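Shown next, in structure tokens, is the structure this report addresses.
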Amino acid sequence: MSKAEISKMKQKPPLVPLGALIGRELRNEKVEKRTVKYGQTALAKKGEDYFLIKPDCQRVVDNQSTSFSVFAIFDGHNGISAAIFAKENLLKNVLSAIPEGLGGEEWLQALPRALVAGFVKTDIEFRQGGEKSGTTVTFVVIDGWTVTVASVGDSRCILDTQGGVVSLLTGNHRLEENAEERERVTASGGEVGRLNVGGNEVGPLRCWPGGLCLSRSIGDTDVGEFIVPVPHVKQVKLSSAGGRLIIASDGIWDALSSDQAAQSCRGLPADLAAKLVVKEALRSRGLKDDTTCLVVDIIPYDHPVLPPTPKKKHTLLNSLFFGKRSENSMNKGSSKLSAVGAVEELFEEGSAMLAERLGKDFPLNSNSGLFKCAICQVDQQPGDGLSVNSGPFFSPGSKPWEGPFLCATCRKKKDAMEGKRPSKPVITA
């Protein structure tokens, strides 16, 4: 190597003023930073719909960099107590199931399992009160550009992006429309059939006893524990172009398709969009049920409104981006999509089996060193916890040494949901 080349390598790069560096950082931060704008509209027929809006939650108190937002709809039936209880307790139970001290990416990876634990814990706690009502839940957590949706029942959350494609982020637990859930209910001890009126079968498929049209909910103590609170969970990451969420009870979806709802409000700010979706549903079907709609725009920091979405036909490329994957799939290493409005799917799981949803690591209490119940987070003394994988001692599938562990109460709940013991309603004096 010549002396000239060596001398050139030793030369220091030109100094950049501090103000210029800060400006670059701020510009880069603006590209990555997002803001959330939302609107809500509700019309009551029976008064059993409730909703939750918490746009400014924080993982660490007084630390804006740990901010996240929560939006949820609770569509009650047979009374309002389950919807109110879930609204007041579900978020707390989900957060309590996430280990302390996790950073942003780790926190997001732990969230799907925490949602399962939080839903089941909320159901157990509600049933202890002896109330008989039930509720669907669509529960949305927005952290940065990542959206995580957990759902039981037939409320719905859709995503409308700049690509002009509408994608469904929730499961459908109507017995009429889900053959896998019908099979699960009957395998767990329930019966599925229609109302018999004068020897004729009428109406949608229902589970018996109870006559509920849904296979998953929180509550419904008098129906049987084959109606489970284990949510379908989907987690996606938006591009920095952002997107619009429409979260609504079945009063909307019985009147409008996902595409119709999205198209009816494109180009409008979130508050007006929510009003227009409800107006379109009423125009189509009238007020036959409680009708609640939340519209949430996740947009770049310097955009006051989500830009209008051009109409776009569903192409093969879109199918690759948005096509529904197997509910048992999980893809943590998928590459980021650079197309405007593209969505990266991070996680999707819809199984009702807790052994498939809670993982195999052993949550520990950092203070006591004891294992914690994977659902209710109660410390387990040595020998007290029962693994979700344990069964008859000589059963080939029994692995009682593998976690996670459940307390006796949560283990009974698991067995009841799987039809392993008689399902009896909770009765209080």
Side-chain angles (χ1 to χ4, degrees), residues 38-55 69-91 94 118-119 122-123 126 129 131-141 149-158 168-174 204 211-221 223 227 229 231-232 244-258 260-262 264-265 270-296:
Y38 58 90
Q40 175 274 327
T41 300
L43 292 175
K45 178 72 173 180
K46 295 178 287 186
E48 294 177 330
D49 275 9
Y50 287 80
F51 59 89
L52 177 68
I53 296 176
K54 294 184 75 68
S69 303
V70 174
F71 299 86
I73 283 183
F74 309 88
D75 182 357
H77 47 263
N78 196 24
I80 61 175
S81 55
I84 293 174
F85 188 89
K87 175 183 176 179
E88 294 177 348
N89 293 279
L90 181 54
L91 175 58
V94 170
F119 270 62
T122 302
D123 180 80
F126 175 73
E131 296 278 356
K132 295 182 178 180
S133 67
T135 187
T136 74
V137 180
T138 298
F139 193 86
V140 180
V141 179
V149 183
S151 60
V152 292
D154 58 357
S155 296
R156 192 184 303 174
C157 175
I158 64 171
L168 182 64
L169 301 185
T170 42
N172 185 352
H173 300 134
R174 281 189 176 179
L212 192 64
C213 299
L214 307 172
S215 60
R216 303 196 196 187
S217 68
I218 286 178
D220 290 307
T221 307
V223 176
I227 303 300
H232 173 278
R244 164 169 287 177
L245 301 175
I246 300 179
I247 314 160
S249 61
D250 64 340
I252 295 292
W253 308 118
D254 286 342
L256 303 175
S257 69
S258 297
Q260 287 172 330
S264 71
C265 64
D271 54 346
L272 293 179
K275 291 180 172 64
L276 193 55
V277 171
V278 170
K279 182 179 178 181
E280 281 296 302
L282 291 178
R283 187 179 66 83
S284 173
R285 189 170 177 261
L287 187 60
K288 300 290 182 65
D289 195 0
D290 293 334
T291 303
T292 303
C293 178
L294 304 178
V295 172
V296 182

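Worth saying up front: this structure is predicted, and the values here are computed from it rather than measured. In what follows, residues are counted from 1 in the order of the sequence shown.
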Test of understanding: with ring pair (Phe, Tyr, Trp, His ring centres under 6.0 Å), list the residues that count as partners of [X], not counting sequence neighbours.
{"X": "Y38", "answer": "F71"}
{"X": "F139", "answer": "none"}
{"X": "F126", "answer": "F85"}

Once side-chain contact (heavy atoms from CB on, under 4.5 Å) is applied, do any residues pair with [X], and if so which ones, sequence neighbours excluded?
{"X": "S258", "result": "R156, I158, V166, W253"}
{"X": "E88", "result": "I84"}
{"X": "S155", "result": "I73, D75, T136, T138, S249"}

Do you know the tightest heavy-atom contact between [X] and [Y]?
{"X": "A274", "Y": "C293", "answer": "CB-O, 4.0 Å"}
{"X": "Q40", "Y": "I53", "answer": "CB-CD1, 4.1 Å"}
{"X": "D49", "Y": "G76", "answer": "OD1-N, 4.4 Å"}
{"X": "S151", "Y": "G171", "answer": "OG-N, 3.2 Å"}
{"X": "A82", "Y": "I218", "answer": "CB-O, 4.0 Å"}
{"X": "H173", "Y": "V152", "answer": "ND1-CA, 3.5 Å"}

State which residues pass salt bridge (charged side-chain N to carboxylate O under 4.0 Å, His left out) with [X]; sequence neighbours excluded, sorted by chain then number.
{"X": "E131", "answer": "none"}
{"X": "R283", "answer": "E280"}
{"X": "D289", "answer": "K46"}
{"X": "D154", "answer": "R174"}

Judged by atom type as modelled, is there a donor-acceptor pair below 3.5 Å linking the side chain of [X] to the main-chain atoms of [Y]?
{"X": "S284", "Y": "A281", "answer": "no"}
{"X": "S133", "Y": "H77", "answer": "no"}
{"X": "D290", "Y": "G47", "answer": "yes"}
{"X": "S69", "Y": "P55", "answer": "yes"}

Drop me the distance from [X]'s [atom1] to [Y]'s [atom2], to the nearest 0.5 angstrom.
{"X": "S264", "Y": "L276", "atom1": "OG", "atom2": "CG", "result": "5.0 Å"}
{"X": "I80", "Y": "T135", "atom1": "CD1", "atom2": "OG1", "result": "11.0 Å"}
{"X": "D250", "Y": "C213", "atom1": "CG", "atom2": "SG", "result": "10.0 Å"}
{"X": "I252", "Y": "Q260", "atom1": "CD1", "atom2": "CD", "result": "11.5 Å"}
{"X": "S217", "Y": "I227", "atom1": "OG", "atom2": "CD1", "result": "6.5 Å"}

- Step-by-step side chain to side chain contact (heavy atoms under 4.5 Å, CB included) determination, C265 to K275: CA-CA 9 Å; C265 64; K275 291 180 172 64; over 6 Å; no
- Task: Take D220 and L212 through the test side chain to side chain contact (heavy atoms under 4.5 Å, CB included) and record every step on the way to the result.
- Result: CA-CA 9 Å; D220 290 307; L212 192 64; 3.5 Å; yes
- Message: Go through it in stages, so that I can follow the logic: the residues are K45 and T291, the test is side chain to side chain contact (heavy atoms under 4.5 Å, CB included), and I'd like the CA-CA distance, side-chain angles, deciding distance and then a yes or no.
- Response: CA-CA 8 Å; K45 178 72 173 180; T291 303; over 6 Å; no
- Message: Does any part of the side chain of V296, heavy atoms only, come nearer than 4.5 Å to the side chain of R244, both counted from C-beta?
- Response: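 No - every pair of side-chain heavy atoms lies 4.5 Å or more apart.
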- Task: Walk me through it: do L245 and L169 pass the test side chain to side chain contact (heavy atoms under 4.5 Å, CB included)?
- Result: CA-CA 9 Å; L245 301 175; L169 301 185; 3.9 Å; yes
- Message: List the residues meeting side chain to side chain donor-acceptor pair (under 3.5 Å) with T122, not counting sequence neighbours, and say none if there are none.
- Response: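 Per chain and number, T122 pairs via side chain to side chain donor-acceptor pair (under 3.5 Å) with N93.
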- For N172, what residues pass the side chain to side chain donor-acceptor pair (under 3.5 Å) criterion, not counting sequence neighbours?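 Side chain to side chain donor-acceptor pair (under 3.5 Å) check on N172 returns E177.
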